[in-house]
Amino acid sequence: MMINPADPPQTQVEKQAKIIDALIQRANRQRDVGPSAFQAFQNALELKRQVVAQSRDLEQAAHELESAHFEREHIRRALSEALSSMEEGFALFSDGLLDLFNDQFANVLTDVAEVMRAGLPLEVFLDHLWSSTHFVSSDRDLASVKAYGGQPLDVASTLSAVIELRDDLWFQLNIQKTTSANLVLLLTEITQLVRRNRAEKATLIDRQADYLQAVFQNISAGVCTFSADDTVMMYNNLFRETLGVPEHVLATGSRMEGVIGYLFRCGRIQTEQVEEVYAWRRQLRAKGRAQNRVRVRSDLVFDVQANTLPDGGFVVELKDVTLEARNKELLENRVMERTAELTRANEKLVREYDEKARVEEELRLAKERAEAAVSSKTRFLAAASHDLLQPINAAKLLISTLRQTTSDTPHAAMVERLEGAFGSAEQLLHSLLDLSRLESPDPDAVSPTEVSLSPILEGVHADQTLVARKKGVTLDMVPSSAFVRSDPIYLLRSVQNLVVNAIQYTEPGGRVLFGCRRRGDQAILEVWDTGVGIARKDQQRIFEEFARVGDDTTPDSGLGLGLSVVDRACRLLGHGLSVRSAPRRGSVFSIAMECVAGTHRPKEISDDLMPTGSTASDYIVLVIENDLAVLDSMTLWLEQWGVAVLPAQSIELALEMARDIGMPPDVILADYQLDGPKTGVDAIRMVREMYDVNVPALLITANRQKSLWREGAENDVSVLAKPVKLAPLRGLIDQKVRRFRRAQSDEQEAMPTKVQGDVAKSAGHALQNGRN
Amino acid sequence: MRDEISAPKFVGVGRSASSDPNLAVAEALAGIDLHATCFVLAFIPAHFCAHRAAAALQGAARGTPVFGCTTAGQISGRGYETHALVLLAFSKENFRCASVLLEPLRPFNATEIAAQARQFSKRFRPTAGWNRLGLILSDGLCKQEDFLVSTLEAILHDLPIFGGSAGDGLRFDATFVLHNGQAHSNAAVLLLLETRLSFQGLGFDHFLSKDDPMVITKADQDERLVYEINGTPAAIEYARLVGCSVEALSPQVFAENPLLLEHNQRHYVRAISDTTDDQALAFLAAIEEGLVMTLGRGREILATLAAGLDLSAKSAGPPDFILGFDCVLRKLEIEQKRLDTAVSRILRQNRVFGFSTYGEQQSGVHMNQTFVGVAFFEPAQTTYFG
């Protein structure tokens, strides 16, 4: 135990610490180099280990040496035997002294053989060899061979000398250093080889000359070789022919200057070309190669190429490339022509393109101008029609008054004609207004929606019954409950125009029938008449503005715009418009529309639309509504019904209009809520006070307060809640007006001074007012 | 018994047990032909005054060089001896010799010693076909053998050197080496031998390493003194490990229980010579702090001796004689075990001549409690009869 277990633990720990400390310090000391006795001891141990290893190696080496000695003797013997059997002469010089040689080596030269013995210095041997009576020549001198013997060892190098002896005998002497001390001489007889080579070389030279000559003559170019001093050596016929010189000029040994001089004298080449030749010769010397294209007498072209030859001479190659050069020129010309053509074509295209772009720009500008023109025309037309309607309206009112005063006079017929003329003018203006709207570029000119045909058919029938009766034409309508997809305003206008048109072109006693029939998912609205009919050639023309059928020139029937409106409206709405007709038998106009499933019960309206004996066109309706959109639609709707409308956006305007027409309106439609503090009720009261007539009035309001209803009752005003359904409204107006008129006529009997109401009652059927 | 053993052919041996140096020298030289002798090696018993013995030898040798040293016992043709003067005469026919006195050993100047040795070996040009070896005899108490032999080994590295440290009986008082008729202390004699004989070195001890390691925790390297082992006063720890009381420690105990140092799978013996008053242990070879050592366990000493001297496996025949350097502690243990008669017989049979040392040197290493020797063989027959 390293630590005495009997020690108390504290002591054990202390001892352990000492042990560790000693071990660590020693480990650190191992790196020190300083001398210490123990270090010395340790170093000695290490040395000892190495010596043991070396001794072992030494022993082995000694053993190997012994066996090597034996082997050496054996090899030497074998070597001697081998040397004797060699064909070549062999001699080994060690440290410059002859050591070993075979008989073959000694016997080559009989006079040298006498001195051959071991220990002969190499230099002495070589002296003997070179001064032997047999020695004729060698390709190396004695000094260089001797010098090789003194050089340091270079295993790769071998000195070789060919030695000629008497009687045309040849030997090759090879000297090689095998180690720094050993030199081996090999003497090989090469007589046979030399003689054979000599013979072969002679024939080979002859053959090569022939071969070269043949090759020369058969080369497809003219070839001529010159020596280093510029004399002709060899040439082929092609060269001479190409150059066009006689044979004596190119005879072998002729100088190049002579040849050039001949060519110059013949006029083959010019002075400057002679100089060129010399410059070219200089270039050849400098670069070893020269190339040139020469034009001779302007019609021949040569390629001249020259290369230097190893002996300083040079070979010239001459090629006639006249044809080649000419072809190339031709080709170049053609390419240039084509290029020019293409350039021209390209320029033309560019010009055309520019022109096209310019035209397009012009077209675009023209189109813009045209569009602007159409647009301004449409606006002008709309404005003109609108402004014209104002005086016509005024005239009609006056005529209406005039007719009352002249009813029993001879002027009555004339006044009636006058009224008719103004009616036509008004209708014409309306059509113009429609046309201008339909032609405007506004995409919302028409707004297709779900339309019930029933009120339209009935409305038209009701409106035109009187007109037809007046003319003595029977007007019949087949009711329909179909719903179609169309614009309600323009569809109504279209049907109206067709029916009016039919009545107009039908003789008294004739008949007009219109209605609708289903065909698949389409509703076909047709208007039949037994009128004058339209010739086939006119059937397309009738839809043009101001077209007339046949030679009819009756002034009151000359409304050429009605069918145009129908045509435009149908085209915009996508309805199919067609006409079938035979002259003097009648026509059928039809409009094909898309059927839709209806959502309204047609019954609701049809009752109210039933003819009531009195035509609504008698009425003058004052509409007071501050909301312009509501005012417009209300006005339009009322106009379609046939009443004259005074649309007013404010109370002031309403009073002005009421004053202008000089009589109270038949009915007042007023919105309760107006701009400013005054209400619809106030407006109604003020109009009534103006004429001191209790004009029937309807108040439309969104206000559902009971007080409002009471206020209405107190002021004799019917109150309707928004939204107002148009069909009941029409009924209500009709009813109110009629009741009022009955009351008035009763009153009139009591108070005959009141004539104003009668004037109003008989006012023109189409009093219309302009709108902004 | 002695008659069974023939005398060596190639070395002359003289012996005298006379207590008078002059008489002893005369007696010992009686059988030696000084004319044919190249040099003499003298092993001087401890009870002789070294200087007187040197003078006597110088006077009697008549110019023949005498080298040698004082001893702690001798090995003569009879085996172990304690009071005999033993002389070995090396013939001129078979030996050539050169010598140099290396001094001082303490303080040790390695550069100086190396220079001397180098110059010396250059002067002595080798003779073709002869074998060379070195013999070193050094002062056994100056404690510089480690430096000395490792320096020589480094300088003369292709020269095998063998040797022993001079002794002083069991007194450990003063030791001397002989050179040029003078006894020198604090010095060593280096002999460079050339011989026609072939030779072989040998060295062995009789210890095995015990497993338990111990660490020297405090020591004085220069004085080879170990103060502490395993952190405990050295003598106390040593006694504990050996298994005896501190009071019982004696040269015999040290001889039987040396410490071993392991190196390269070999062990080297570090012998203890004494204890000091402050419980330190004095060693006979280099030690240092931090060294890990083990306790040596003695093997059968007779068998190991016989086996160590038997060179038949390594050479063609038995050696003509063996020059032996045998540690005094071995002799002490042998005597303790009363094996000295048997050992002497083995030494005689192997023709061992030499002395009991205070240390042995071989291959540049200084050791204790070993046997180091050089066996000389008759040269190869071809050469001999050539």
Side-chain angles (χ1 to χ4, degrees), chain A residues 1-67 69-70 73, chain B residues 108-111 143-154 157-161 201 203 211-219 221-224 228-232 236-237 240-241 261-266 268 270 283 285-292 294 361-367:
Chain A
M1 293 295 283
M2 201 185 270
I3 299 294
N4 187 358
D7 285 337
Q10 181 60 34
T11 313
Q12 287 193 23
V13 170
E14 282 167 10
K15 286 179 178 179
Q16 278 174 359
K18 283 182 178 176
I19 290 169
I20 290 164
D21 190 45
L23 286 172
I24 288 172
Q25 283 190 9
R26 177 160 187 264
N28 287 337
R29 266 200 311 282
Q30 293 293 317
R31 291 196 290 271
D32 295 347
V33 193
S36 94
F38 190 79
Q39 204 87 47
F41 165 75
Q42 215 167 24
N43 293 343
L45 286 184
E46 183 55 30
L47 268 170
K48 187 173 172 179
R49 192 182 58 74
Q50 291 175 8
V51 168
V52 168
Q54 280 176 0
S55 306
R56 205 166 43 236
D57 291 348
L58 212 60
E59 243 170 66
Q60 197 180 344
H63 179 71
E64 279 169 8
L65 206 62
E66 200 172 321
S67 54
H69 179 74
F70 173 76
E73 288 301 316
Chain B
F108 188 79
N109 187 332
T111 318
K143 302 166 186 171
Q144 299 301 315
E145 298 98 320
D146 299 285
F147 280 132
L148 178 65
V149 293
S150 70
T151 303
L152 295 178
E153 177 77 9
H157 57 85
D158 50 356
L159 181 76
I161 300 175
D211 290 337
D212 288 351
M214 64 185 85
V215 178
I216 294 173
T217 49
K218 192 174 175 194
Q221 295 185 37
D222 296 334
E223 294 300 332
R224 294 176 177 167
E228 279 183 16
I229 295 173
N230 292 342
T232 313
I236 296 170
E237 184 72 358
R240 179 177 78 84
L241 292 167
L261 173 67
E262 297 276 344
H263 185 87
N264 271 348
Q265 291 158 344
R266 289 194 56 179
Y268 299 89
R270 289 285 179 266
F283 277 75
I287 43 81
E288 65 178 3
E289 280 181 11
L291 209 55
V292 179
T294 56
Q361 294 90 39
Q362 183 187 18
S363 306
V365 176
H366 170 66
M367 294 164 296

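Here is how names work: the chains are called A, B, and so on, in the same order as the sequence lines, proteins then strands, and each is numbered from 1.
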task: Can you see which heavy atom on B/R240 is nearest to which on A/P5, and at what distance?
output: NH1-CD, 4.1 Å
Set of residues satisfying side-chain hydrogen bond (donor to acceptor under 3.5 Å, both in side chains) with respect to A/Q16, sequence neighbours excluded: none
field: Member of B/V215, B/I216, B/L291 meeting the side-chain contact (heavy atoms from CB on, under 4.5 Å) criterion with A/R26
entry: B/L291
message: Show the nearest heavy-atom pair for residues B/N230 and A/K15, with the distance to one decimal.
response: O-CB, 3.4 Å
- prompt: So what's closer than 4.5 Å to chain A heavy atoms on B/Q144: side chain, backbone, both or neither?
  reply: neither
query: Any side-chain heavy-atom pair from B/T217 and A/D21 closer than 4.5 angstrom?
result: no
- request: Name the region of B/F108, side chain, backbone, both or neither, that has any atom closer than 4.5 Å to a heavy atom of chain A.
  value: neither
field: Spacing of CD1 belonging to A/I24 relative to CD belonging to B/E289, to within rounding of 0.5 Å
entry: 13.0 Å
task: Go through B/D222, B/V292, B/T151, B/L261 and name the one with the most non-hydrogen pairs under 4.5 angstrom from chain A.
output: B/L261
query: Under the side-chain contact (heavy atoms from CB on, under 4.5 Å) test, which residues partner A/E14, sequence neighbours left out?
result: A/Q10
field: A/E66, CD atom: more than 12 neighbouring heavy atoms under 6.0 Å
entry: no
- line: Distance col, row B/E228:CD vs A/K18:NZ, nearest 0.5 angstrom, shows 3.5 Å
field: Contact leader toward chain B among A/I19, A/L23, A/I20, where contacts are heavy-atom pairs under 4.5 Å
entry: A/I19
